[in-house]
Each structure stands twice: as C-alpha cells, then as structure tokens.
Amino acid sequence: MPDSLTYKILKEHLVNGKLKKGSEIGLRIDQTLTQDATGTMAYLQFEALGVERVQTELSVSYVDHNTLQNGFENADDHRYLQTAAARFGAWFSRPGNGICHQVHLERFGIPGKTLLGADSHTPTAGGIGMLGIGSGGLDVAVAMAGGPYYLIVPEVTKVYLKGKLPPWVGAKDIILEVLRRLSVKGGLGQIMEYAGPGLENLSVPERATVTNMGAELGATSSVFPSDTETKKFLASQGREEAWRPLTADPGAVYDHEITVDLDKLEPLIAAPHSPDAVRTVKEIGSLPVDQVAVGSCTNGSYSDLRLLAEIMKGKVVHPRVSLVVSPGSRQVSITLAREGILESLLASGARILESACGPCIGMGQAPPTEGVSVRTFNRNFAGRSGTADARVYLSGPAVAAAAALKGLISDPREMGDYPVLADPPPPVVDDRMLIAPPADGKKVEIIRGPNIKPLTLNRPLPQKIRVNVLIVVEDNITTDHIIPGGSKVLPLRSNIEALSKHVFSSLAPDFSDRAGQYEGGLIVAGENYGQGSSREHAALAPMHLGIKAVLAKSFARIHRANLVNFGILPLFFCDPSDYEQLSTGDELATDNVHEQLDKDKIYLRRINDGFQFAANHHLSVRQIEILKAGGLLNYTRRSF
Ligand code: MIC
Ligand code: SF4
C-alpha cells in the first residue's frame with residue numbers, strides 16, 4: 001500500500017503497538033530538545049530516573065525563554081542546565097545563541113528522523129521533513145532515558161498547495177488561511193502533511209513558518225517533504241550529508257484533504273485573542289497601532305527580517321509605534337549584520353533585541369494600556385504580551401512593516417511594488433555558542449541555585465474521591481490561563497510551590513487559596529481545554545494544589561497527556577450537557593475509582609442533591625496504570 005510521508009516516518013520508528021488508527025503506539029525518538037522554561041524541570045526528572053547518560057542520538061538543551069534575568073533565578077537555571085547537559089551528555093545552546101526551533105532547524109534537524117521537544121512548536125522541524133512533536137518535559141526526560149514516546153496513531157491530513165504566492169503575501173498567510181478554515185481545534189489528533197506543486201516555490205524557512213504555527217491548529221505535527229529545497233537549505237548550513245529525499249508514495253491515501261490555492265491568498269491577520277480569529281487585512285480597516293514586533297520562532301528568519309528592512313529602507317518608524325525585532329537565531333543576527341541589514345533596521349528605528357523568545361512570552365516589551373500590537377508571532381492569547389488589556393494581532397512581516405511605517409494596520413499592497421530580493425546569501429555558520437558534551441560527564445558537578453527545588457511527586461490514586469469544583473471555565477482555555485508566562489511567573493518554573501500560587505490567576509485570583517482551603521479539588525472545563533503551550537507546569541502546579549481531576553468536554557493533546565503524567569484524571573463528560581449542571585463549590589464524590597477506570601466509565605454524584613452523571617477517559621491500559629501509580633515518574637521508575 002502506498003504510504004504517506006507521515007506513515008513512512010512512523011513505520012521507521014515504531015517500537016510498540018500497531019499502526020492502526022486510534023490505537024496507541026510507541027515511537028523511538030532520535031533527538032530531543034528542551035528549552036530553559038521547561039528544561040529545568042525535564043532535567044530534574046531525568047535525574048530522578050537515575051540514568052547515567054542520554055540514550056538518544058542527540059539531545060540539546062537550549063536557553064532562549066528566560067533571558068531577562070530580573071533576578072538570580074533565570075541565571076541559576078542556566079547554570080544548572082549547562083552543568084546538567086555536560087553531566088548527562090546533551091549539547092548546550094548558550095543564551096544568546098537563538099530560539100530552540102530555529103537553531104535546531106539550522107544546525108541539528110535531519111529529514112526522516114523523530115524529534116521530541118518540551119515545547120509545543122517542536123513541529124517547526126517539519127520544515128525539513130523531520131517529524132517534530134511537542135510534549136511535556138517528563139515525556140522528553142523519558143525519551144532521553146531511552147524510553148519510547150507514546151501517542152494515539154494520528155489521522156493524516158493532506159494540505160495540497162497549488163499555485164504561487166502573489167507579491168506581498170507570504171508563508172504566514174498560508175498557515176493563517178489553514179487556521180481560518182480549521183480553527184484552533186481543527187487539527188486535533190492529526191498530522192498535517194504538505195504536498196503539491198505549490199511547494200516548489202517555498203524555501204525551508206517559509207515551510208518552517210507553516211509547520212511552526214501548525215501547533216495552533218492543535219495538530220500533533222506538521223511536515224513537508226524533503227526535496228531539493230531541503231537539500232539546498234542543508235547545503236547552505238554545511239550539512240548536505242544530513243539530507244535524504246523523502247516524500248509520500250504516489251497514490252498515498254489520506255484521512256482528510258484540503259487545498260490551498262496560493263495564487264488566491266491575500267494578506268491575512270489574526271485578530272485578538274485567538275490565532276484562528278483570521279480576517280483579511282483589508283477587513284480590519286485602518287486601526288491605529290502602538291507596537292510592532294517582528295521575529296520569534298515563527299518569522300525570525302533572515303528572509304523575514306530582510307523583507308522588513310527592505311520595506312522600511314530609508315524611512316523611519318511611525319512616531320506612535322515602537323518597533324522591536326527579535327531574530328530567530330544568532331546565525332540570523334550575524335548574517336544580517338554582515339549584509340548591512342542590521343544597520344538598515346537600526347536606521348529605521350527598530351529596537352533590536354537579543355535572539356530569544358522575549359516579547360512572545362511576555363518577557364519584556366509589554367504594549368501600553370489597551371495598546372494594539374501587531375506581531376509576526378504565533379499566539380495572541382489575552383494577557384500573554386504582559387498587558388492584560390492589550391489587543392494583539394498576528395501577521396507576516398509585510399503587514400508588520402506596513403503597520404510600522406504607517407502606524408496603522410493597512411494592506412501592504414497599497415505600498416506599491418513588492419521589493420525584488422535576490423536569493424538569500426549563504427548564512428554565517430558559527431557553532432561556538434553550542435557546547436558539545438564531554439565524552440565522559442560523570443565527574444561534572446551539577447550546580448543548583450536556591451530557586452531550584454526538589455521534585456514533588458504525586459501519591460498513588462486513591463480509591464475514593466470527594467472533592468469540590470474549584471472553577472468552571474469555558475471553551476479553549478489555554479495553558480497561559482492555567483499558569484501564565486511573563487517575567488514575574490516564568491522564573492518560578494523550577495519552584496512549584498511558589499509557581500502554584502499563580503494557577504488561574506487571571507481568571508480566579510483566589511484559586512490557589514481556595515484549593516488550600518478545600519485541600520484540593522476539581523476543574524470543570526469546556527472544549528479544547530489546555531490548548532497552546534506544552535508547559536507541564538499547567539498540570540504540575542494544579543497537582544501541587546491537590547487537583548484530582550479535570551472534567552471537560554474535550555482536551556488539547558499535550559495538556560491531556562501532561563495531566564496523566566502527573567496523576568490528574570482527565571475526564572470527558574459522557575453527556576456534554578452535564579457541563580451546564582455544575583457550578584463552583586459543588587461537592588462531587590465517587591468510589592472504587594480503580595475499577596471504574598478499568599471500565600472507562602466513572603460515575604460521579606453531587607453530595608448535596610444526589611445528582612449523578614457519568615464521565616469517561618478513553619485512555620490506554622498503560623495510561624490507566626500511570627494514573628493509578630500517581631504519575632509517569634512513579635510508573636517509569638519501576639521499570640528502570
Ligand atoms: C509558548 O510559546 O507558549 C512556550 C512558552 O514556548 C511554551 C513552552 C513553555 O511554556 O515553556 C510552548 O509553546 O510549549
Ligand atoms: Fe519562544 Fe514564542 Fe516560539 Fe514559544 S512561540 S518558543 S515563546 S518564540
């Protein structure tokens with residue numbers, strides 16, 4: 001039977017289970033990545049597994065999120081990560097070297113290999129035909145220890161691209177169009193596989209913009225074939241030997257198929273506060289803008305920033321606008337400098353940031369009160385920018401450049417002729433900010449600062465549960481709602497006790513106090529609960545507060561897996577209308593939990609009026625055992 005590209009990679013890496021839709025499989029993981037906001041916890045967990053050295057072909061520990069260093073905490077994490085990487089045999093990408101996804105694409109990614117990353121945008125690697133999957137840090141720790149990564153066999157969606165992008169329309173508009181059609185939950189349980197004649201004109205960085213933001217569809221991954229464009233890109237990185245051709249067999253069958261006609265696309269923009277609130281730029285009209293931010297792991301490539309510089313050349317940013325630029329990698333920054341583009345950006349009034357996540361995760365550059373910010377990033381959830389009432393729009397660099405010059409959201413096509421740009425020059429390849437692990441790390445001392453607290457483990461699942469509903473939330477709650485990012489909270493990622501005070505702080509500031517008062521509780525949610533980031537802290541901090549279960553209409557993939565990993569029951573309403581019956585403060589109870597879990601039917605009753613309803617979980621036998629053990633760490637330690 002002819003195979004899709006996705007199935008080819010899955011087959012090559014299958015170590016457990018059968019490739020049958022809906023069943024659970026275990027995949028061999030060739031490479032892993034972590035970043036500092038998730039990595040500190042992941043390495044603490046790796047240490048707890050008691051394995052001497054990483055067992056993957058390659059593991060890289062990046063520092064790119066917490067680089068603001070308002071206090072000692074971030075720098076202490078960096079030092080811990082550097083020493084832990086050397087001790088356990090992982091590469092270390094120093095702060096300043098760039099954003100994990102961009103650097104990985106440039107320096108380490110290999111077509112046809114698997115990459116598990118403790119960051120939801122790990123599918124960026126699909127831009128070179130690699131299967132990149134985002135997960136919680138604990139799953140990455142287990143993969144580093146040589147364990148397989150488990151997932152439900154995904155459906156494969158073919159995204160057929162035809163035609164050629166018109167002037168002023170870019171790769172970002174492709175993924176915004178897919179988001180417009182499918183929504184933030186439209187990719188759930190799927191891998192998006194790109195194909196068709198439209199690929200021919202898309203460079204690897206453009207493809208990586210598409211695979212990066214595929215995370216916003218809720219998809220497990222997104223992948224492009226490995227073709228001559230891929231070869232060209234790898235050759236420019238001095239890594240041509242990493243190339244292999246990889247494409248779907250002719251006649252491969254897909255579960256779903258959509259076609260995007262590139263010729264017909266126009267400049268698009270995602271309106272506040274969701275990446276799928278996509279409109280044409282024209283539809284928005286002339287909206288005054290206060291901030292423009294260009295860069296991040298979505299649009300931080302050399303070509304993206306050169307386009308911005310070219311459009312702004314000889315002009316200066318509008319007086320109302322603050323323009324910030326965060327290049328995707330040090331390689332991009334150095335190449336921009338060598339080509340004189342950095343000078344041009346500075347002359348246009350751009351505020352150049354270090355190559356790191358920065359404003360994308362609220363680490364500085366918060367917009368003004370009720371400010372409008374146009375960003376070439378991938379997420380615009382309310383409050384993520386650091387300003388609660390800011391309105392963040394997501395676009396490609398051409399729309400951002402137009403906004404920076406005019407001070408308004410406006411159609412870039414009104415700016416006249418599209419700049420004619422030559423093929424990008426060869427990048428400056430300089431790996432001196434990447435530290436290879438020593439052959440034997442046993443003698444390396446791991447240095448821990450006072451903010452790095454020992455791991456908290458959950459207790460085995462009790463047979464009887466009696467808990468209060470602590471909060472009822474609506475559809476599409478993000479992990480940013482559950483545990484916010486930003487410069488105040490991010491430094492607490494390795495101190496779960498301190499972090500747990502911030503659970504749901506934007507929705508219910510007294511949440512952690514109430515959890516303390518009731519000695520734990522339960523969360524009731526709508527559809528797509530836990531969308532967005534991979535941060536396992538959105539499960540770990542609630543676990544610390546004694547949360548026993550989340551009852552939802554549906555879950556986002558990574559967050560559901562994280563809940564299981566930390567021993568919190570992720571339950572679906574059997575009848576979604578029961579959601580309406582529940583309120584904050586309700587006391588719910590159930591007995592014989594282990595037996596009920598085995599049968600995939602859990603009956604809960606409300607204490608005060610006896611109202612009964614059923615929930616299920618659709619988990620595998622392996623996951624049920626993890627839950628009973630009180631989480632993956634307890635469960636895995638038994639098998640090492
Ligand atoms: C994000 O873009 O939301 C983050 C910050 O990169 C997260 C990871 C984290 O919370 O540390 C992600 O995407 O997984
Ligand atoms: Fe960093 Fe933003 Fe990319 Fe997340 S989405 S990895 S915060 S640049």
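Counting convention: from 1, in listed order, for ligands and their atoms alike.
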Practice problem: Please could you name the atoms of ligand 1 that Arg379 approaches to less than 4.0 Å, counting only its heavy atoms? | Solution: 1 (C), 2 (O), 3 (O), 12 (C), 13 (O)
Quiz item: Hey, which atoms in ligand 1 end up nearer than 4.0 Å to a heavy atom of His65?
Solution: 4 (C), 5 (C), 6 (O)
Quiz item: Against heavy atoms of Ile361, which atoms of ligand 2 measure under 4.0 Å?
Solution: 7 (S)
Quiz item: Do the non-hydrogen side-chain atoms of Ser274 and Asn476 ever get within less than 4.5 Å of each other?
Solution: no
Exercise. For Cys297, take its heavy atoms, then give the atoms of ligand 2 lying under 4.0 Å from any of them.
Key: 3 (Fe), 5 (S), 6 (S), 8 (S)
Quiz item: With atoms numbered from 1 as shown, which atoms in ligand 2 lie under 4.0 angstrom from a non-hydrogen atom of His65?
Solution: 1 (Fe), 4 (Fe), 6 (S), 7 (S)
Practice problem: Apply ring-ring contact (aromatic ring centres under 6.0 Å, His included) to Phe88 and Phe46, showing your working. | Solution: CA-CA 9 Å; Phe88 297 119; Phe46 181 80; 5.1 Å; yes
Practice problem: Return the residue, atom name and 0.1 Å-rounded distance of the protein heavy atom closest to atom 2 (Fe) of ligand 2. | Solution: Cys360 SG, 2.3 Å
Exercise. Pull out every atom of ligand 1 sitting under 4.0 Å from any heavy atom of Ala37, numbered as shown with elements.
Key: 11 (O)
Exercise. Could you list which atoms of ligand 1 come closer than 4.0 Å to a heavy atom of Asp119?
Key: 4 (C), 6 (O), 7 (C), 8 (C), 12 (C), 13 (O), 14 (O)
Quiz item: When you look for heavy atoms under 4.0 Å from ligand 2, do you find them on the side chain of Gln35, its backbone, both, or neither?
Solution: neither
Exercise. Just jot down the ligand 2 atoms closer than 4.0 angstrom to any heavy atom of His101, in number order.
Key: 6 (S)
Quiz item: Considering only protein heavy atoms, which is closest to atom 10 (O) of ligand 1, and at what distance to one decimal place?
Solution: Arg535 NE, 2.7 Å
Quiz prompt | Atoms of ligand 1, numbered as shown, that sit under 4.0 Å from any heavy atom of Thr38 | solution = 9 (C), 11 (O)
Self-check item: atom 11 (O) of ligand 1: nearest protein contact (heavy atom, Å)
Solution: Arg493 NH1, 2.8 Å
Exercise. Could you tell me the residue and atom name of the protein heavy atom closest to atom 8 (C) of ligand 1, and the distance to it rounded to 0.1 Å?
Key: Gln35 NE2, 3.2 Å
Exercise. Would you give the length of the straight line joining atom CG of Leu217 to atom OG of Ser183, rounded to the nearest 0.5 angstrom?
Key: 8.0 Å
Quiz item: With a cut-off of 4.0 Å, which atoms of ligand 1 are near a heavy atom of Ile361?
Solution: 5 (C)
Practice problem: With heavy atoms of His121 as the reference, note each atom of ligand 1 found under 4.0 Å away. | Solution: 2 (O), 13 (O)
Quiz prompt | Interfacing atoms of ligand 2 (cut-off 4.0 Å, heavy-atom, Asp119) | solution = 6 (S)
Quiz item: Got Ile496 and His537 here, is their nearest side-chain heavy-atom distance under 4.5 Å?
Solution: yes
Practice problem: Compare all side-chain heavy atoms of Thr124 with those of His104 and state whether any distance is below 4.5 angstrom. | Solution: no
Quiz prompt | Protein heavy-atom partner closest to atom 13 (O) of ligand 1 - residue, atom, separation in Å | solution = Ser120 OG, 2.6 Å
Practice problem: For atom 1 (Fe) of ligand 2, find the nearest protein heavy atom and state the residue, atom name and distance (0.1 Å precision). | Solution: Cys357 SG, 2.3 Å
Quiz prompt | Closest protein heavy atom (residue, atom, distance) for atom 2 (O) of ligand 1 | solution = Arg384 NH2, 2.9 Å
Self-check item: Residue, atom name and distance, where the atom is the protein heavy atom closest to atom 7 (C) of ligand 1
Solution: Ser533 CB, 3.3 Å
Exercise. For Asn378, counting its heavy atoms only, list the atoms of ligand 2 lying under 4.0 Å from any of them.
Key: 5 (S)
